[in-house]
Structure formats: structure tokens, C-alpha cells
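Just so you know, these numbers use all the heavy atoms, side chains as well, and skip hydrogens, waters and symmetry mates. Read the numbers this way: they start at 1 and go in the same order the structure lists the ligands and their atoms.
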Amino acid sequence: MGVDIVWEHPSQRASIIIKRVASLLLKCAGLSQKDLSLYLVSDEKITQINKQWLNRPWPTNVISFSQSDDLTSNLLGDIVISLDTARREAEEAGVSLENRLIALIAHGLVHIMGYDHEGSNSDKISFEKKEKELLKAVAQEKIMADLCINVDHVATIRQARGGVEPDPVAAAVLVELAGADGIVVHLREDRRHIQDRDVKLLRQLVQTRLTLEMAATEEMLKIASEIKPDIVTLVPEKREEITTEGGLDVVSLESHIAEAIEFLHKASIPVSLFVDPEQEQIEASKRVGAECIEIHTGRYAEASSPEQEDYEYEQIAEMARIGSDLGLRVHAGHGLNYQNTARLAALPEIVEFSIGHSIISRAVMVGMEQAVKEMLSLVKKGRIV
Ligand code: PXP
């Protein structure tokens with residue numbers, strides 16, 4: 001399910017953006033379970049297609065082919081767009097190519113949905129109404145996800161000598177200055193990296209938003225209610241693990257988690273649950289009253305073959321859709337790096353990434369600003385070409 005793009009020379013970022021926008025359009029049209037193929041071609045190619053199928057030997061901006069008249073079928077159809085014409089039209093209208101492509105995909109999709117503007121005046125009016133509705137709905141969606149950066153491992157280096165440097169609080173300021181959308185820290189029961197002092201200072205300094213990761217223990221709940229982070233992510237915690245190993249078992253711990261959430265809500269703190277990409281965990285997250293889920297991406301990140309990576313990617317895509325359909329905000333994180341994040345960034349349901357180790361590791365080599373900006377460019381919207 002989803003959008004396939006056939007595009008001869010896209011930059012990686014350009015195809016992420018277009019895939020994400022096309023998926024958002026499907027979602028806004030209530031068709032997120034359907035398949036759509038999108039072809040971005042030259043004027044020459046679209047002229048050939050026009051000649052072959054529509055008996056008009058000239059280039060147009062967009063042509064759509066409905067795969068089936070039956071909207072219950074999974075295959076919606078194909079949208080073919082001439083990039084040459086889209087680029088010219090964008091220049092003439094003084095809009096970005098990205099915006100022009102969004103408008104053309106929406107136009108093609110409305111045709112596929114069975115509307116036609118070439119018939120009677122009332123057909124034209126309903127077509128334009130539907131097209132406007134769709135574009136308005138997409139404009140209200142966030143096109144690209146947020147990037148929140150976990151600075152725990154700056155503290156890991158500090159704790160290696162038990163001194164005062166490097167300071168994760170100073171690192172958080174640099175992370176924000178480089179453009180990240182939020183700061184994440186995990187206050188562990190054993191205080192192996194982040195300390196209570198760090199969280200208190202971060203609360204005062206962070207200008208974007210502060211996510212506190214923690215176990216649902218009495219001690220941590222008390223700390224959270226005093227610090228008041230912008231959001232708490234509840235994670236499972238084992239003393240002997242190197243990092244958080246698996247997702248929270250919300251199904252087995254349902255009443256305990258529900259009580260913790262109730263406590264945090266009383267302190268006006270929204271709650272995210274770090275869960276494996278499993279439907280029963282996501283449905284349980286909804287039942288216990290969480291606002292968000294963070295999908296554990298560890299199995300995807302650690303896949304040992306391309307086939308396993310594809311399988312895990314599909315699981316995440318499907319679970320993100322289920323979470324979003326249940327009204328949960330969907331975050332993702334764990335093990336994400338400069339190689340494996342872009343693919344997930346194209347999924348429209350994931351609205352936030354939480355990434356730590358790979359960014360801090362790169363910062364050691366190239367500096368924090370560059371490390372953050374490189375990851376932002378993988379996650380964020382940018383110019384298409
Ligand atoms: N999300 C959660 C809930 C985590 O526990 C962690 C690890 O602290 C991360 C995201 C970030 O993982 P990584 O450091 O592998 O990017």
C-alpha cells in the first residue's frame with residue numbers, strides 16, 4: 001500500500017518529499033489504504049503518452065489513468081506529470097516547484113476519484129470544489145516530521161570521568177541553535193548518563209520542547225510532575241541493558257501504565273508510549289489514554305538483510321497508519337542513523353523522530369551544528385531540485 005514513484009533523476013530528498021506529499025493527499029482523500037503510481041517524466045515522454053492514449057500530440061502538465069472504476073479496489077491508478085511543464089508553470093506563477101507538483105498530484109487524484117472538469121458547468125464546479133478541499137486539507141497537515149535529538153550520550157562521555165564536561169545542557173543549546181525541533185533525555189533509574197541536575201537545567205533552558213524519557217516508576221513519576229517536561233515518553237528499563245532494548249509491553253502492563261498516564265495527565269503532561277511495531281500494543285496504547293506512540297525502530301535499524309529491512313519497514317509503515325487512524329500522534333526512534341532515516345521520513349504518519357546516538361557520534365567528528373543539520377536535511381522538507 002502507498003505511493004510508488006517512477007522518476008528518472010530525483011535527488012533522494014526530492015523523492016522523499018514528493019512521496020510524503022502524495023501519501024498525505026491520499027490520506028486527506030480517505031484513500032490511505034490504496035496504491036498509487038506516480039510518474040515524473042519529461043515533456044517528450046508526456047507528449048508520447050498523450051499521442052498514444054489521448055490522440056493529442058502535445059505536452060500537458062498532468063494525465064491520470066484510473067486503474068479501475070471501482071474505488072473499493074486497492075489499485076487506484078497512475079498519475080503522470082511532466083516535470084518540464086511543472087517547472088515552467090512554477091516559474092511563471094512564482095511558486096516553488098514543490099507547490100506546483102502538489103497541485104498537479106491533487107488534480108490528477110481528483111480525476112482518479114471520478115471527477116471531471118471537462119463536462120458540464122456543474123461537473124467543473126464539483127471538480128474544483130473537491131480539488132480545493134484536498135489542497136486545503138494537505139496545507140493543514142505538517143509536510144515534514146520534527147526532529148528531536150537525544151543528548152544522553154554527551155552525558156555518557158561526561159560520566160566516563162565523573163567530571164563536568166562535556167555538558168549535555170550546553171549540547172542541547174547547540175542542538176537548538178542548529179535548528180532541531182526538540183531535546184530528549186532519558187533519566188535512568190541508575191543515573192548512568194543524564195543526572196537530575198541536567199533535567200532541571202534543561203527545563204529552564206530549552207526553548208523548543210523537552211521530552212523526558214523514563215520508566216513508569218514512582219520515583220520518576222514524582223520527578224516528572226515537578227519538572228514538567230513538555231511530554232513524557234514511557235519506556236521499559238532494565239538495569240543490565242546497554243540501551244532500551246524492546247518496547248513497553250502495554251498489553252501486559254495495561255492497568256499500571258494507565259495509572260501512570262492518569263498521574264501524568266493530572267500534572268498536565270502528555271504521554272507517549274515507546275512500543276514495538278505491533279498492532280496489539282498500539283491498540284492498548286490508545287486504550288490506556290496515551291496521546292502518542294513512539295514506534296521502536298530497532299528491528300528495522302538492525303536488520304541483517306535487505307529483505308528483513310523491507311519487512312520491518314513495511315511493519316512500521318502499517319503500524320504508523322494504524323496508530324494515526326486511531327488518533328494517536330506517531331513518533332519513531334531507536335537506532336536511526338544517516339543511512340536509514342530518510343526512508344522512514346517519507347511516511348506521512350510519522351510526525352516526529354527521536355534520534356540520539358548517531359547524531360552525537362557524528363558531532364564528535366564534525367561538530368554539533370553540522371551533525372544536526374545533516375540529519376535535519378534527511379528528515380525535513382527542502383527545495384525539490
Ligand atoms: N527513543 C527512545 C524511546 C529511546 O530509548 C532511545 C534511546 O535512548 C532513542 C529513541 C534514541 O535511540 P538512538 O540513540 O539509538 O538514536
Novice: Would Ile355 count as being in polar contact with ligand 1, using the rule that some N or O on each side must be under 3.5 angstrom apart?
Specialist: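 No, no N or O pair falls under 3.5 Å.
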
Novice: Below 3.5 angstrom, do we get any N/O pair linking Thr233 and ligand 1?
Specialist: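 Not met; the criterion fails.
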
Novice: With a 4.0 Å cut-off on heavy atoms, does Gly335 reach ligand 1?
Specialist: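 In this structure, Gly335 qualifies as a contact of ligand 1 - some heavy atom is under 4.0 Å.
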
Novice: Would you mind listing which atoms of ligand 1 come within a distance below 4.0 Å of any non-hydrogen atom of Asn150?
Specialist: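 Those qualifying, in numeric order: 8 (O).
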
Novice: Which of these passes side chain to side chain contact (heavy atoms under 4.5 Å, CB included) with Leu210: Ile231, Leu205, Leu202, Val184?
Specialist: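 Testing each of Ile231, Leu205, Leu202, Val184 against Leu210, the sole residue satisfying side chain to side chain contact (heavy atoms under 4.5 Å, CB included) is Leu202.
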
Novice: At a 4.0 Å threshold, what atoms of ligand 1 neighbour a non-hydrogen atom of Val235?
Specialist: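 By the 4.0 Å cutoff, the relevant atoms are 3 (C).
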
Novice: Would you say the side-chain atoms of Tyr338 pair up with the backbone N or O of Ala371, donor to acceptor, closer than 3.5 Å?
Specialist: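 Answer holds: yes.
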
Novice: Heavy-atom distance to atom 1 (N) of ligand 1: which of Glu294, His331, His334 wins?
Specialist: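 Going through Glu294, His331, His334 one by one, Glu294 has the nearest heavy atom to atom 1 (N) of ligand 1.
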
Novice: Using the side chain to side chain contact (heavy atoms under 4.5 Å, CB included) rule, take Ile350 and His331 through it: C-alpha gap first, then chi angles, then the decisive distance, then the call.
Specialist: CA-CA 5 Å; Ile350 300 179; His331 302 174; 5.9 Å; no

Novice: Could you tell me whether Glu213 approaches ligand 1 through its side chain, its backbone, both or neither, with non-hydrogen atoms closer than 4.0 Å?
Specialist: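 For Glu213, the contact with ligand 1 is made by the side chain alone.
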
Novice: For Glu128, run the salt bridge (Lys or Arg N to Asp or Glu O under 4.0 Å) check against Lys124, Lys132, Lys130 and tell me which one passes.
Specialist: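 Running salt bridge (Lys or Arg N to Asp or Glu O under 4.0 Å) over Lys124, Lys132, Lys130 with Glu128 returns exactly one hit, Lys124.
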
Novice: Under a 4.5 Å cut-off applied to non-hydrogen side-chain atoms, are Phe353 and Leu336 in contact?
Specialist: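 A side-chain contact under 4.5 Å exists here.
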
Novice: Is it true that the side chains of Gln370 and Glu374 contain a donor and an acceptor less than 3.5 Å apart?
Specialist: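 Yes, Glu374 and Gln370 have a side-chain donor paired with an acceptor closer than 3.5 Å.
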
Novice: I want to know if ligand 1 touches Ser358 in the polar sense, i.e. an N/O pair below 3.5 angstrom.
Specialist: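 No.
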
Novice: What are the atoms of ligand 1, with element, lying closer than 4.0 Å to any heavy atom of His357?
Specialist: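 Answer, ordered by atom number: 13 (P), 14 (O), 16 (O).
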
Novice: If a pair satisfies side chain to side chain donor-acceptor pair (under 3.5 Å) and one of its residues is in residues 197-209, list it, with sequence neighbours excluded.
Specialist: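 Those involving residues 197-209 are Asp146-Arg209, Arg158-Asp198, Asp167-Arg197, Glu176-Thr208, Arg203-Asp230, Arg209-Glu352.
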
